[in-house]
Amino acid sequence: MGTIESSVSSILLDRVAEWLTNSSLAGDDLENIVRGFCERIAAAGLPIARVHLTFSMLHPLYDALSFTWRRASGVTIEGYRHAAGQKPDRFLQSPYYYLLDNNLQHIRRRIPADGPAEFPVFLDLRDERITDYLAFVQPFGDGSVQGMMGSWSTDSHAGFSDDMIDALLRMQNHLAVAAKMAVLGKLANNMLTTYLGGDAGKRVLNGQIRRGDGETIRAALVMGDMRQSTVYAEKEGRQAYIDTLNQFFDAIAAPFNRNGGEILSFLGDGFLAVYPCGRHKDPSKIACQAALSAVHQAQARVAELNRERLDAGLTKVSYGIGLHVGNVMFGNVGLKDRLTFSAFGSAVNEVQRLQSLTKKYSSEVIASQAFAGYCGGEWRTLGEEKLRGIRQKVTVLQPHVPAPVLHVEENFREVAPAALSEAEQVILLHRDARKQAKRPAVEEFIQ
C-alpha cells in the first residue's frame, strides 16, 4: 500500500489533455488512447493503481469493449457479447448498478481494510490493497446509447484528495472526447467490415468511394444458393424463415470467409464469395483448392444442421454451389449517392449459371472445367452446357468422390452463452438505461 501522498502537476495534466487531442486527430485506436492516458495521468502525479473503462460499441456481435489498467501489469482487454436475460446477483449488488439505479454520475467510496464491504467487488479491490474508489457514468451525448463507464482506484494510504478528484473529473471529460472519436472510427470500420467484407471495407476506408473506382482482379469464385426458399417462406412465416436463412448462412457460408476467401455479398438466399489470386497457375491452384476445401466444410456443416433440424421436427435445407475461376471487376457501381461495392463481369455471371445447373443435374456442387483443372483431384464430367452470353459450350463437372466427413467446429452449434461477467453487465445495463426516456424501476433491470 502506498504511503506517500502524490502531488498532482496541473502542467503535466494539461500535457495529457494535449496528448489526447493529438491522439484523436491522428486517429489512434482506443487501446492506445486508454493505455497512454492511464500511464500519463499516473506520471503526472495521480496515485492511480487501477482504472477500469468500458465503452459501448455498435457491432453485430459485441456490445462493449472493456479495458482494465493496473499500474503493476498494464492493460487487459475484453470484448463483451450481445446477451439477454436476468442480471446476476453480483452485478445487482455492484457500484455500477447503484449508479444507474439512482441516476447518479459518480459514486466515491473508501475501501475499508477489513470488516464488511458495501459492494462485493470491494472484497476483490481490498485484495489489491485499494483504499479509495470513484466510479462514474459518461454518456457520449444526450439520447446516445454509446458512452463510457468506469472507475478510478488508488492504493494511497490517504486516498483521493479533493484536488485529485477534481483532476480526475477534468481529465475524464478530455478522455471521453478522445474515446468518442476512437469509438466512432471503430464503428465505421465495424460497419464497413460487416456489410461489405474485410477487404472491401478496407478499400472504402482507404478512399475507394467514388462511383467507378475499382480494379480487375483474378479470383476463384463461389456462388451458393438455398433451394425452395419460397416454399420455406410461405410455410414457416417471416420470422421462422429468417431464422432458417440465418442458420443456413451460418452453416454454408462461414467456411468461405476465411483462409483467403471473403463473402463479398449476400444475394437474397444466396451468396458470392471470392478467393483473389495472381494470374499465374500456382496462385490460381492455391485459390481453387482453398475454395474446394471450404466446400467440403460447408457440406459437413449443412449435414450437421439438417440432423439438428430433423431432430427438432423441421424440414431439411437443400442448396447448390457453383465454382469457377476468372477475371472479375471489383469496385463501386450504382447511383452517385447510393453505391454498392461488389464483383462484376462475365466470370460472375458464369458462376451464377453454374450454380443454377445444380438443379438440372441434382448435384450439390458443380464446377467449370477451368476450376477443376486448377484444383486437381478427381472429377466426374456431367456434360456440356451452353451458358447465356458464352459462345462456346462449357464443360461442367462435379467432385468424383463424396465430400469427406470433416470435423464440424464446436462453435458452429448454437449453445447457451456462458454467464456474463460483471463488466459485460455494466455496459448492457448502461445501454438499456440510456434507451429509457425515464429512469426505469429496479424490477425492469432484472427482467
Side-chain angles (χ1 to χ4, degrees), residues 1-14 16-17 20 34-55 66-76 78 90-139 147-176 179 421-423 425-427 429-430:
M1 181 184 299
T3 59
I4 300 176
E5 184 172 343
S6 299
S7 176
V8 182
S9 169
S10 59
I11 295 176
L12 292 179
L13 288 180
D14 288 341
V16 177
L20 285 171
V34 169
R35 177 182 287 109
F37 172 78
C38 293
E39 291 172 350
R40 282 167 173 78
I41 63 171
L46 282 167
I48 294 293
R50 179 184 182 272
V51 178
H52 176 258
L53 299 170
T54 305
F55 302 91
S66 176
F67 301 84
T68 302
W69 177 88
R70 290 179 174 86
R71 186 175 57 223
S73 57
V75 173
T76 57
E78 293 180 88
R90 180 176 173 83
F91 177 68
L92 296 176
Q93 301 169 22
S94 72
Y96 292 126
Y97 184 82
Y98 183 89
L99 268 174
L100 293 169
D101 183 48
N102 290 280
N103 198 27
L104 300 173
Q105 290 184 318
H106 302 92
I107 178 176
R108 188 264 185 103
R109 292 291 188 269
R110 295 299 300 266
I111 308 296
D114 51 30
E118 181 180 1
F119 301 105
V121 69
F122 286 178
L123 298 175
D124 298 331
L125 296 178
R126 180 185 294 170
D127 292 339
E128 297 186 44
R129 299 174 179 259
I130 297 300
T131 60
D132 207 347
Y133 173 89
L134 177 63
F136 64 89
V137 177
Q138 180 81 52
M148 174 176 72
M149 293 187 70
S151 62
W152 317 104
S153 301
T154 183
D155 57 2
S156 169
H157 178 72
F160 289 129
S161 67
D162 286 346
D163 288 343
M164 293 173 187
I165 293 175
D166 180 68
L168 284 171
L169 297 183
R170 181 159 59 92
M171 296 310 300
Q172 179 182 307
N173 289 330
H174 290 289
L175 175 62
S421 69
E422 181 177 353
Q425 298 298 340
V426 168
I427 201 61
L429 183 56
H430 177 48

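In this chain, numbering begins with 1 at the start of the sequence shown. Reckoned from all heavy atoms, side chains included, excluding hydrogens, waters and symmetry mates. Quantities reported herein were computed from a predicted structural model and do not represent experimental measurements.
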Within the 4.5 Å heavy-atom criterion, are [X] and [Y] side-chain neighbours or not?
X: P47; Y: M164; answer: yes
X: I107; Y: L134; answer: no
X: T68; Y: T76; answer: yes
X: L53; Y: L175; answer: yes
X: H52; Y: S153; answer: no
X: I165; Y: R108; answer: yes
X: F67; Y: C38; answer: no
X: L125; Y: R50; answer: yes

Please report the interatomic distance [atom1]([X]) to [atom2]([Y]), rounded to the nearest 0.5 Å.
X: I111; Y: T154; atom1: CD1; atom2: OG1; value: 11.0 Å
X: E128; Y: R71; atom1: CD; atom2: CZ; value: 10.5 Å
X: E39; Y: W69; atom1: CD; atom2: CH2; value: 7.0 Å
X: Y96; Y: L104; atom1: OH; atom2: CG; value: 14.5 Å
X: Q138; Y: Q172; atom1: CD; atom2: CD; value: 5.0 Å

Any donor-acceptor N/O pair, D155 side chain to R129 backbone, under 3.5 Å: no
Side-chain donor/acceptor of R170 to backbone N/O of D166, under 3.5 Å: no
Over 12 non-hydrogen atoms of neighbours within 6.0 angstrom of CG in N173: yes
Atom CD of E118 with >12 non-hydrogen neighbours under 6.0 angstrom: yes
Give the minimum heavy-atom separation between [X] and [Y], together with the two atoms involved.
X: F119; Y: S94; value: CD2-C, 3.7 Å
X: T54; Y: S66; value: OG1-OG, 3.4 Å
X: R126; Y: P116; value: NH2-O, 3.9 Å
X: L12; Y: A43; value: CD1-O, 4.0 Å

Test side chain to side chain contact (heavy atoms under 4.5 Å, CB included) applied to L168 and I48, step by step: CA-CA 10 Å; L168 284 171; I48 294 293; 4.0 Å; yes
Parallel, tilted or perpendicular: rings of F136 and W152 (30°, 60°): parallel
Aromatic ring pairing F122/Y133, orientation class (parallel under 30°, perpendicular over 60°, tilted between): perpendicular
Donor + acceptor pair across side chains of H157, T131 (<3.5 Å): no
Audit row: Q93, V121, side chain to side chain contact (heavy atoms under 4.5 Å, CB included) steps and yes/no: CA-CA 9 Å; Q93 301 169 22; V121 69; over 6 Å; no
